[in-house]
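Have a look at the structure below before the remarks.
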Amino acid sequence: MKEIQITFEDSSKHTIPSGKSVKEILSSINSNNSRDVIACRIDGIPEDLSCIVQKDVSLQTIYRNSPEGLEILRHSTSHIMAQAVKELYPETKVAIGPAIENGFYYDFDREKPFTPEDLEKIEAKMEDIIKNGLTFNKKRVSKEDAIKFFKSKSESYKVELLEEIKQDEVTLYEQGSFTDLCRGPHISETSLVKAFKLLSIAGAYWRGDERNQMLQRIYGTAFFELSELQAYLKNLEEARKRDHRKLGKELELFSIYDEIGPGMVVYHPKGALLRITLEDFERKEHLKRGYHILIGPTLLKLDLWKQSGHYDNYREMMYFTEIEGQMYGIKPMNCISHMLVYKSKIRSYRDLPLRFFELGTVHRHEKSGVLHGLLRVRGFTQDDAHILCTPDQLQDEIISILDFVDYVMKIFEFEYMVELSTKPEKAIGTDEDWERATGALAQALKAKSFNFETNVGEGAFYGPKIDIKLKDVLGRFWQCATIQCDFTLPERFELEFIGQDGKPHRPVMLHRVILGSMERFIGILVEHFAGAFPTWLAPVQAKVLTITNAVDQYGDKVRSLLADEGLRCELDTRNEKISFKIREAQLQKIPYLLIAGNREASSETVAVRLRDGRDLGQISLEKVMKMINEDVKQKRLIPGGEGI
RNA sequence: GCCGGUGUAGCUCAGGGGUAGAGCAACUGAUUCGUAAUCAGUAGGUCGGGGGUUCAAUUCCCCCUGCCGGCUCCA
């Protein structure tokens, strides 16, 4: 028999007889951990373990505890789900069913919507399929045969997919009664699925296009170990507990009233304190970095929106109103008044870069179905800036914004990732402008040696952008900061500066936000900190709790001392037990609880209890104020620091 | 905007064709207490809005609206 040579990842080479499956090869060579191998790569291409090797190849193993291994498991589980659905509801057509970040889904076309009870039935059927230990069999067939096969099964979505495939040969995977068009690879048999759960049902457009048929998507997840599934479900539970809409109510931060309108936020006293604290921080940081603060109006005449291009490209997102026969638009962006301020006088190259900053409240008519607490609203305030500079200054400006973002994100201990978005279908400006602008952004990212992904066609209509997605404590990503290049607005508003040569030149412009919107950022902060804000941000930084009414006066003295220091302090003199007051204050996530009884009143101290339950004992008022001030100054995330 | 679910007291939630209930909160009284819930009492709702079926609708049906989970879109 012919012999072939297998080269492994560690460069070791083995000579074996041709015609063996990968599984056989692995168990003949390394029996120890071959059981943990779930799939492989042959010459770099993902393959099943059942793949027969007939020539010299390089062989890489994919282990079950690798991200790729998990993805394969989930993909296979989606096939098992589709099989279960087809067996229970044969009239259903299948669409696509990939693995996704935390699990998998499969899209189905079925007249009757799936119900939660259906999910239970499907899960039970899946258990059966898993128990039966069906093997995943890969078949290579010609495209024509595959089309014939799926036509005979009335699987029109599969036929549509096939018709767009360029290759003549396709692969099908078959387990039990179910056959799917699929590239693979898959696990070898269904019994390898040890832990899975179907999570939700949702509508989803065929191929993600809203002009297409709405399908029914079932989401699920799968793991190799039950303990991992349980940990994941626990994480979901934790996320629910941290939901900013729930905490926003409990901590009395904000409301969104039906009566006022969807997506319109009202800040309650505590939320308002949090917000102005963030805003004060922002103003300070911007002034430090040479920004000029502007304040502009909400309503601007329609002509300006026509001039800017917003009317042509953004109209359906805008609100309009008529005043004395004159049409106005409510601003969806802050740039226009900044343009006019730039134009208010003749600018010299010596004035550039000019950085205009505005905490600008904008309104966008977001589709009703997308609204979500503070994270997606219709009226929001951006920490917006427009930087006008010479083309030469562009890269340095982008770099200093990236540094600014980094500085701010570190304060909250957010990690983040960076994406570059290029020209979308609906866009203004020439291709050359787009190339220059995209190049400038990419070069700045390279100069800071950022790893970034490129999102083709995802830019704003007026220019390419860098999006910064921050990662919260639960590992979720949120879009906040963005840096957008704009060569067209300076053109449309005929902005000029006088150059060294005494002639007029056109500046270039950057739009950028750091936190993004105050609303979204606050929503993220609530979830990130589970409502337990760092002392510098906490709406109430300290609460004085009196033990009996005999010390109410002393309690008020403590409160006013702290207030004089500029600290946000409340006093609880209710006729309640101290444990009751502590419980309540703790649930309100107040960083410092200052307990005042007779002992403290007579010694000018308070008994300090931190939010996390640490009891620091009796401490002098002076020392307590110093502690809290130190938290604020250092923007410590944990009250009192971690070292106490 | 689309698909599905859902809307009962300030909050969290039961209930169900014969006009509603709990806990917490609120209010009143008692208690003045040392580190996560003191006791008792009182009050509180056109059951999201409109229409229909019915002797009778909060309950069943339809429409609208808000909210929730997704899709599409996005700071």
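Side-chain atoms are counted along with the backbone in the values below, which use heavy atoms only and exclude waters and symmetry mates. Naming convention: chains lettered A, B, ... in sequence-line order (proteins, then strands); numbering from 1 in each chain.
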### Task
Mind checking Gly208(A) for me? I need base, sugar-phosphate or nothing, with any heavy atom below 4.0 Å counting as a touch.
sugar-phosphate
### Query
Does a side chain donor of either Ser156(A) or Lys93(A) reach within less than 3.5 Å of an acceptor in the other side chain?
yes
### Gap between atoms CG and P, on Leu545(A) and A37(B) respectively (whole Å)
14 Å
### Task
May I ask you to evaluate whether His372(A) reaches the phosphate of G69(B), defined as a side-chain N or O under 4.0 Å from OP1 or OP2?
yes
### Message
When you measure from the centre of the six-membered ring of Phe580(A), is the NZ or CZ of Arg583(A) closer than 6.0 Å and no more than 45° off the axis?
### Response
no
### Phosphate contact (A36(B) OP1 or OP2) by Arg609(A) side-chain N/O below 4.0 Å
yes
### Task
Would you mind classifying the nucleic acid contact of Lys581(A) as base, sugar-phosphate or nothing, using non-hydrogen atoms under 4.0 angstrom?
nothing
### Task
Write down the distance between CZ (Arg378(A)) and P (C73(B)), rounded to a whole number of angstrom.
18 Å
### Message
Distance criterion of 3.5 Å, no angle test: do you see the side chain of Glu600(A) paired donor-to-acceptor with the base of G34(B)?
### Response
yes
### Query
At under 4.0 Å, does any side-chain N or O of Lys577(A) touch on OP1 or OP2 of A36(B)?
no
### Message
For the residue pair Arg289(A) and Tyr407(A), would you count it as a cation-pi contact if the rule is NZ or CZ under 6.0 angstrom from the ring centre and within 45 degrees of the ring axis?
### Response
yes
#### Entry: Touch class at under 4.0 angstrom, heavy-atom based, for Arg376(A) against every strand present
base
### Message
Between G70(B) and Tyr219(A), is there a base-stacking contact, meaning the centre of the base's six-membered ring lies under 5.5 Å from the residue's ring centre while the planes stay under 30° apart?
### Response
no
### Task
Taking only the side-chain nitrogens and oxygens of Lys112(A), find out if one of them lies under 4.0 Å from OP1 or OP2 of G4(B).
no
#### Entry: salt bridge (charged side-chain N to carboxylate O under 4.0 Å, His left out) pairs, two or more places apart, involving residues 540-554 of chain A
Lys543(A)-Glu570(A)
### Message
Less than 4.0 angstrom between a side-chain N/O of Arg245(A) and OP1 or OP2 of G69(B), yes or no?
### Response
yes
### Query
Once you round it to whole Å, what is the distance between C1' of A37(B) and CD1 of Ile582(A)?
12 Å
### Query
Does the distance from a Lys or Arg side-chain N to an Asp or Glu carboxylate O, for Arg240(A) and Asp243(A), drop under 4.0 Å?
no
## Note on the structure
Intra- and inter-strand pairing of RNA chain B, written as dot-bracket with Watson-Crick and G-U pairs under 3.5 Å and | for the latter, reads (((((((..((((....[..)))).(((((.......))))).....(((((..]....))))))))))))....
### Query
Does the distance from a Lys or Arg side-chain N to an Asp or Glu carboxylate O, for Glu397(A) and Arg355(A), drop under 4.0 Å?
yes
### For atom CG of Asp209(A) and atom C1' of G70(B), their distance in whole Å
17 Å
### Task
State yes or no: are the ring centers of Tyr106(A) and Phe104(A) separated by less than 6.0 Å?
no
